[in-house]
2 protein chains.
Amino acid sequence: MPCEQLRKWGSCQVSELPESMPLGKVRQAALECFAANGFHGTSIRQIAGAAGLSVPGMYHYYTSKHEILDSLCEVAMETLLTASRTAAERPDTPVLERFDSLIRVMVLFHARFSAIAFVTLSEIRSLQGEARVRHIAARNEQQALLNRLIEEGCAEGVFGTAHPRHAARAITAACLGVSRWFRPEGQNTPEELAEIYVDICRAAAGAA
Amino acid sequence: MPCEQLRKWGSCQVSELPESMPLGKVRQAALECFAANGFHGTSIRQIAGAAGLSVPGMYHYYTSKHEILDSLCEVAMETLLTASRTAAERPDTPVLERFDSLIRVMVLFHARFSAIAFVTLSEIRSLQGEARVRHIAARNEQQALLNRLIEEGCAEGVFGTAHPRHAARAITAACLGVSRWFRPEGQNTPEELAEIYVDICRAAAGAA
DNA sequence: TAGTACCGAGCGATTGATCGGTCGGTACCG
DNA sequence: CGGTACCGACCGATCAATCGCTCGGTACTA
C-alpha cells in the first residue's frame with residue numbers, strides 16, 4: 001500500500017470519526033476507574049477522588065453511578081454508529097470500498113478510543129433497564145451494517161466466503177478485540193492498524 | 001465437508017477437549033452469577049443462595065470470593081491450554097492440519113463452555129496478585145501457539161497473509177468472541193461452528 | 001469420638017447516595 | 001453604590017443498606 005494512498009484514506013477517516021471524544025472530568029475519571037476495576041469494582045469515592053471532587057460535588061453533575069456508565073456507553077456507541085453508517089452507506093460506492101471503510105472505522109474507533117470501547121463492551125451486563133435495551137439495539141445495528149455489506153459482496157461475487165453471517169461476526173469480534181490490547185505507544189498507529197485489518201478482514205470474507 | 005469426515009474430527013476433539021467441566025455446586029453457582037452480574041456485581045449471599053448453602057457453609061469450601069474466581073479461571077485456562085498444546089504440537093503433522101486443530105479447540109472451548117470462557121475473559125481485571133500473573137501468562141502462551149503456527153505456515157507458503165502476528169491476534173479475538181454470543185439452542189452445534197471457523201480463519205491467515 | 005458439612009447471628013468496613021451548608025459570582029433594586 | 005437575593009459549584013458529615021467474612025454452634029457419619 002503506497003504511502004500516498006494511505007494518506008488519502010486517512011483524510012476520509014477524519015471526517016467520519018472524531019479525533020477525540022470530550023468527556024469532562026467526571027466521565028474521564030470514571031472511564032479510567034471502570035477500565036481498571038470494572039463498574040461494580042469502582043466506588044463513587046474512587047471516581048470523585050480521580051475527578052478531584054468530593055462525592056456530593058460529583059453528584060452535582062450526575063445523579064447516579066449508573067448514569068455515568070450509561071452516559072459513557074451512549075457517547076461511545078453514538079460515535080461508532082454515526083461513523084459506521086457513513087462508511088457503510090456511502091451512495092454510489094462499490095461494496096468493497098464500503099466494506100474497507102467500515103473496517104477502518106471499527107478498527108480506528110477501537111484503537112483510538114480503546115478505553116471507552118473496552119468499558120462499553122465489557123460493562124453491558126452492568127447496564128440496567130432502558131440503557132441496556134438501547135445499547136444492545138445499537139450493537140445489533142452495528143452488526144447489521146457489516147452483515148449486509150458482506151452479503152451484498154457475496155451476491156456480487158466480490159466476497160467468496162461460504163459463511164457470510166459467521167464471517168461478519170468473526171470480523172466484528174476481531175475489530176472489537178483491538179480495544180483489549182491496543183496501546184498508543186505500540187508498534188502501529190491506529191491508521192496503520194486499520195489498513196492491516198482491512199487486509200485481514202478482506203481475506204476473512206473471502207475477497208479475491 | 002462430508003459428514004463422515006466431520007465425525008472423524010469430532011472424535012479427535014473428544015480426546016483433546018473434555019465433554020464437560022465438573023465444577024461443583026459452589027463454583028457452578030458462582031459462574032452463573034459472575035456471568036450475569038460480573039465478579040464485583042455478585043455478592044457472596046447471591047452465590048451461597050444459588051448454591052443452596054448459607055454464607056458460612058460456602059466458606060467451608062472456599063476461603064474467599066476471590067479464590068472462587070481464581071479457581072474458575074484456572075480450570076478454564078488449564079482445560080483450554082492442555083487441549084491447545086495437544087492440537088498445535090502434534091508431531092509429524094502438517095502445519096495446516098495443526099492450525100485447523102487449534103482453531104477447532106478454541107471454537108469448541110468457547111462454544112461448549114461459553115459461560116466460563118466469558119467470565120474468564122471478562123474478569124481478568126478482577127484477578128489479583130499471583131492469580132492475575134498466572135492467568136496472563138497462560139493467555140500469552142495460548143496466543144504464542146497460534147502465532148508460531150501462522151508464522152510456520154507463512155514460511156512454508158501455506159499461509160499468505162502479509163501480517164502473521166496481526167492475523168493471529170484477529171483470529172484469537174474471533175474465537176474468543178464466540179463465548180459472547182453462542183447459545184446451545186442456536187443454529188449450529190459447537191462442532192459445526194468449529195468447522196465454519198476453520199474455513200474463516202484459514203481465509204484470514206491467507207491459506208490458498 | 002473426631003471429622004466433616006453445614007448454620008444463625010453478628011462484625012467492622014464499605015457502599016451509593018443525601019443533607020444541610022458555604023463560597024464566590026452575578027443580577028437586580030432602591 | 002451598597003445591599004439583597006439567587007445560583008451554580010462545590011463540601012463535611014452522615015445515613016441506611018450491604019458488603020466479605022467470622023464465630024460459636026449443631027447434626028451427621030464412620
Side-chain angles (χ1 to χ4, degrees), chain A residues 22-75 116 119-120 122-132 134-135, chain B residues 22-75 116 119-120 122-132 134-135:
Chain A
L23 296 175
K25 68 181 174 183
V26 172
R27 283 197 297 182
Q28 188 58 46
L31 176 56
E32 278 152 30
C33 294
F34 293 163
N37 306 299
F39 175 71
H40 289 297
T42 295
S43 70
I44 281 288
R45 286 160 182 80
Q46 277 176 289
I47 302 172
L53 294 172
S54 66
V55 167
M58 201 206 65
Y59 273 100
H60 179 78
Y61 297 95
Y62 293 90
T63 60
S64 69
K65 191 178 165 192
H66 182 267
E67 194 193 345
I68 300 172
L69 178 66
D70 182 12
S71 173
L72 283 169
C73 293
E74 244 197 37
V75 71
I116 196 170
V119 167
T120 297
S122 57
E123 294 296 343
I124 296 177
R125 68 199 165 182
S126 302
L127 287 173
Q128 303 297 313
E130 196 191 298
R132 175 185 279 201
R134 236 188 293 122
H135 186 81
Chain B
L23 297 176
K25 68 181 176 182
V26 172
R27 281 197 298 184
Q28 188 57 46
L31 176 57
E32 278 152 30
C33 294
F34 293 162
N37 306 300
F39 175 71
H40 289 296
T42 295
S43 70
I44 282 287
R45 289 159 181 78
Q46 277 176 290
I47 301 172
L53 294 172
S54 67
V55 167
M58 201 206 65
Y59 274 97
H60 179 78
Y61 296 97
Y62 293 91
T63 61
S64 69
K65 189 178 167 193
H66 183 267
E67 194 194 343
I68 300 172
L69 179 65
D70 181 13
S71 172
L72 282 170
C73 292
E74 240 192 43
V75 71
I116 197 169
V119 167
T120 297
S122 57
E123 294 295 344
I124 295 178
R125 67 198 165 182
S126 302
L127 287 172
Q128 303 297 313
E130 195 191 299
R132 174 184 280 200
R134 238 189 293 122
H135 186 81

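Lettering of chains follows the sequences in order, A, B, ..., and the numbering in each one begins at 1.
- Along DNA chain D, the stretch of nucleotides lying under 4.0 Å from any heavy atom of chain A spans, 5' to 3', D:dG8 to D:dT14.
- Partners of A:R132 by side-chain hydrogen bond (donor to acceptor under 3.5 Å, both in side chains), not counting sequence neighbours: none found.
- Using a 4.5 Å heavy-atom threshold, the side chains of B:D70 and B:E130 count as separate.
- Annotation: side-chain hydrogen bond (donor to acceptor under 3.5 Å, both in side chains) contacts of B:H40 (sequence neighbours excluded): none.
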Identify each atom pair where a protein N or O and an N or O of nucleotides 11-17 of chain C are less than 3.5 Å apart, giving names and distance.
unit_1 : atom_1 : unit_2 : atom_2 : d
C:dG16 : OP1    : A:T42  : O      : 3.3
C:dG16 : OP1    : A:K65  : NZ     : 2.4
C:dG16 : OP2    : A:I44  : N      : 2.7
C:dG16 : N7     : A:R45  : NH1    : 2.8
C:dG16 : O6     : A:R45  : NH2    : 2.7
C:dA17 : OP2    : A:Y59  : OH     : 3.0
C:dA17 : OP2    : A:K65  : N      : 2.9
C:dA17 : O5'    : A:Y59  : OH     : 3.4
C:dA17 : N6     : A:R45  : NH2    : 3.2

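- Under the side-chain hydrogen bond (donor to acceptor under 3.5 Å, both in side chains) criterion, B:Y59 pairs with no residue at all, not counting sequence neighbours.
- Listed for the A:S126 side chain is no donor-acceptor partner under 3.5 Å among the backbone atoms of A:F39.
- Ion pair B:E74/B:R27 not flagged as a salt bridge, since none of the NZ, NE, NH1 or NH2 atoms sits closer than 4.0 Å to an Asp/Glu carboxylate oxygen.
- Shown here are the salt bridge (Lys or Arg N to Asp or Glu O under 4.0 Å) partners of A:E32, two or more places apart in sequence or in another chain: there are none.
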